[in-house]
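Whatever order the structure lists them in is the order used to number ligands and atoms, beginning at 1. FYI, the numbering just counts along the sequence from 1.
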Amino acid sequence: MSAARASAAAGAIASAARGGLPRHVAIIMDGNGRWAKKRLLPRVAGHRAGVDAVRKVVRAAGEIGVEALTLYAFSSENWRRPQSEIADLMGLLRRYLLAELEELAQGGVQLRILGDLGRFDPELREMIEGAVARTASNEGMILAVALNYGAQDELVEAARALATDAAAGRIEPAAIDASAMEARLSTAGLPPLDLMIRTSGEKRLSNFLLWQAAYAELIFVDTLWPDFDRTALEAALADYARRERRYGGL
Ligand code: IPE
Ligand code: IPE
Ligand code: MG
């Protein structure tokens, strides 16, 4: 067997050995407010419990061997919430980074941000950018956190970048294809999205990864995000492993 054929065969075995494990999982972490309401607690208590779930699920995904985990933490529409709730969420993000960065960095996690940090408080923004830089050369799981993210904005940005390149003569309009788009999305370089999970029973994408979800498997669970844990993640992965992905073929 030639070296090239041997390595292709090894690749096939390696992918079979993944046992139907998705390379890239995205989660719409929804239901913190309802979790708190059920307990007659303020909404911030639900967000706090949501951060604990993030900790558990990030750890579990890394141990299971998911290559990339993308978490929807704050959408471009979440600015519509009351100022006090936005401040609570920003405070929790800050505390999460302070408490977890060391463990993430030591664990080889590579932190990435999807979305526009321009609207964030400069100090928090600097902290987030510092965390991204600190973990940039890590080679373990990619943890992509969507902050002030909206898929329509992302697609508009990509279209604008392509138009700019075309106007400057850097790309022929006829040469614009799906990979030219993908290279200009915030997920460039991440593995293709295999699985999208949404908690809390809502069945919509809420402007999350609209392009990337084209052929992702979708799983909607009733569990509220603060109750989502390793067992719930494993159940979703088992559901995914049973599905047959056809991509329009037979
Ligand atoms: C998800 O929980 C967290 C964010 C959107 C930041 P919600 O805050 O949306 O909780 P519900 O949907 O009101 O229960
Ligand atoms: C989606 O949840 C955004 C995040 C989980 C960060 P929302 O609670 O904001 O979504 P809608 O408003 O119910 O669609
Ligand atoms: Mg919600």
Test your reading of the model: is there a side-chain donor-acceptor pair from Asn207 to the backbone of Ala151, 3.5 Å cut-off? yes
So, does Glu154 use its side chain to make a donor-acceptor pair with the main chain of Leu185 at under 3.5 Å? no
Decide whether Leu209 and Leu147 are clustered together by the hydrophobic rule: side chain heavy atoms of Ile, Leu, Val, Met, Phe, Trp, Tyr closer than 4.5 Å, transitively. no
Could you list, one pair per line, each nitrogen or oxygen of ligand 1 together with any protein nitrogen or oxygen closer than 3.5 Å, giving atom names and the distance rounded to 0.1 Å?
unit_1   : atom_1 : unit_2 : atom_2 : d
ligand 1 : 2 (O)  : Gly31  : N      : 3.4
ligand 1 : 2 (O)  : Asn32  : N      : 3.2
ligand 1 : 8 (O)  : Arg43  : NH2    : 2.9
ligand 1 : 8 (O)  : Arg81  : NH1    : 2.7
ligand 1 : 9 (O)  : Asp30  : OD1    : 3.0
ligand 1 : 9 (O)  : Arg81  : NH2    : 2.9
ligand 1 : 10 (O) : Asn32  : N      : 3.2
ligand 1 : 10 (O) : Gly33  : N      : 2.9
ligand 1 : 12 (O) : Asp30  : OD1    : 2.8
ligand 1 : 12 (O) : Arg34  : NH2    : 2.8
ligand 1 : 13 (O) : Arg43  : NH1    : 3.1
ligand 1 : 13 (O) : Arg43  : NH2    : 3.1
ligand 1 : 14 (O) : Gly33  : N      : 3.3
ligand 1 : 14 (O) : Arg34  : N      : 2.7
ligand 1 : 14 (O) : Arg34  : NE     : 2.8

Short N-O contact, [X] and [Y], less than 4.0 angstrom:
X      : Y      : answer
Arg243 : Asp239 : yes
Asp165 : Arg184 : yes
Glu102 : Arg134 : yes

Could you check whether any side-chain heavy atom of Ile113 comes within less than 4.5 Å of a side-chain heavy atom of Tyr149, counting everything from C-beta outward?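 Not in contact.
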Proximity to ligand 2 by part of Arg198, non-hydrogen separation under 4.0 Å: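 For Arg198, the contact with ligand 2 is made by the side chain alone.
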Atom name, Asp30 (N, O or S, nearest to the Mg ion (ligand 3)):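 Restricting Asp30 to its N, O and S atoms, the minimum distance to the Mg ion (ligand 3) goes to OD1.
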Proximal atoms of ligand 2 relative to Arg204 (non-hydrogen, under 4.0 Å): 11 (P), 13 (O), 14 (O)
